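Note that the structure is a prediction, hence the values are computed from the model and not measured.
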Amino acid sequence: TRLMADNTTQTIQYVQFENSPSLDELQDEITVMAWVLPGKQKGMADILAKGDFIVLQQTGQSLSFFAGGWGQGSCDVPLPKDWENKWHHIAGVCISKVFTIYINGLKAGSFEVDRTVNLSSRLRWVMGGNEEFPDQRYYNGKINGFKVFAAALNADEIEEEMLPME
């Protein structure tokens with residue numbers, strides 16, 4: 001249980017991964033994916049994050065993905081109407097300077113930044129929170145099947161990775 005920024009207390013559950021070269025020393029391609037069962041969110045919620053460097057997050061009625069640092073820009077797409085309390089597969093893909101979001105195996109949107117991103121970072125991966133924001137941006141819901149690839153998967157490859165939820 002933590003005291004939050006608004007002086008309320010909340011029980012927080014998240015998973016933080018230790019550093020490793022395979023998760024830290026990346027080039028300019030990455031695919032981050034997971035199955036999520038979203039509940040009601042309070043403000044910005046980081047679903048999958050490597051600090052504020054590589055993030056899949058929900059803000060209001062949007063899903064956002066950025067890589068290579070927050071200030072570069074982000075791919076923002078509207079959430080499906082049946083978002084809350086239903087399992088969905090989400091994936092964020094970065095190849096060079098293009099960010100793409102897939103929801104349930106379908107391309108939801110893309111965004112191109114000005115320059116090729118460097119994805120290497122010593123920040124730790126966190127499911128349901130963010131190492132750089134330890135008292136905020138927590139995700140309310142369940143996460144399953146979290147995967148990180150040091151490659152930009154295409155739609156067919158993402159679909160192959162979407163193991164059925166039972």
With a 4.5 Å limit on heavy-atom distance, are the side chains of [X] and [Y] in contact?
X	Y	value
I54	I30	yes
Q41	N140	yes
I103	L63	yes
I90	I47	yes
V93	I101	no
W87	N144	yes
K142	W35	no
Q58	V36	no

Indicate the atoms forming the closest heavy-atom contact of [X] with [Y], along with that distance.
X	Y	value
I158	A91	CD1-CB, 4.1 Å
A34	I143	CB-CG2, 3.9 Å
E84	K40	OE2-CD, 3.6 Å
T100	K107	CG2-CG, 3.8 Å
P38	H88	CD-CD2, 4.3 Å
A67	V117	O-CG1, 3.7 Å

Would [X] and [Y] show up in the same hydrophobic cluster when neighbours are defined by side-chain heavy atoms closer than 4.5 Å?
X	Y	value
W83	L56	yes
M44	W70	no
L48	V148	yes
V113	I95	no
L79	V32	yes

Output all residues satisfying side-chain contact (heavy atoms from CB on, under 4.5 Å) with [X], sequence neighbours left out; order by chain, then residue number.
X	result
K147	M33, F149, E161, L163
A150	L26
L106	none
S62	none

*For D46, does its backbone N or O pair with a side-chain atom of N130 as donor and acceptor, under 3.5 Å?*
no
*Spell out, as yes or no, whether a donor-acceptor pair under 3.5 Å connects the side chain of Q57 to the backbone of S64.*
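The answer is no, because no donor-acceptor pair under 3.5 Å joins these two groups.
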Set of residues satisfying side chain to side chain donor-acceptor pair (under 3.5 Å) with respect to [X], sequence neighbours excluded:
X	value
S121	none
S96	T116
D52	R137

To the closest 0.5 Å, what do you measure between [atom1] ([X]) and [atom2] ([Y])?
X	Y	atom1	atom2	value
R122	K50	CZ	NZ	8.0 Å
E159	L153	CD	CG	12.0 Å
Y138	K42	OH	NZ	13.0 Å
C94	Q72	SG	CD	8.5 Å
M162	H89	CE	NE2	5.5 Å

*Is it the case that more than 12 heavy atoms not belonging to Q61 sit under 6.0 Å from its CD atom?*
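Not buried by this count: 12 neighbours or fewer within 6.0 Å.
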*Over 12 non-hydrogen atoms of neighbours within 6.0 angstrom of CD in Q27*: no
*Sequence neighbours excluded, which residues qualify as ring-ring contact (aromatic ring centres under 6.0 Å, His included) partners of F146?*
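Partners of F146 under the ring-ring contact (aromatic ring centres under 6.0 Å, His included) test: F17, W125.
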*asked:* Using the salt bridge (charged side-chain N to carboxylate O under 4.0 Å, His left out) criterion, which residues pair with K86? Sequence neighbours excluded.
replied: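 If we apply the salt bridge (charged side-chain N to carboxylate O under 4.0 Å, His left out) test to K86, skipping adjacent residues, the hits are D82.
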*Give every residue pair that meets the ring-ring contact (aromatic ring centres under 6.0 Å, His included) criterion with at least one member in residues 99-118, sequence neighbours excluded.*
F65-F99
*asked:* For residues 61-81, which residue pairs pass the salt bridge (charged side-chain N to carboxylate O under 4.0 Å, His left out) check, not counting sequence neighbours?
replied: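 Counting only pairs at least two positions apart or across chains, no salt bridge (charged side-chain N to carboxylate O under 4.0 Å, His left out) contact touches residues 61-81.
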*Can you list every salt bridge (charged side-chain N to carboxylate O under 4.0 Å, His left out) pair that touches residues 53-69, not counting sequence neighbours?*
none
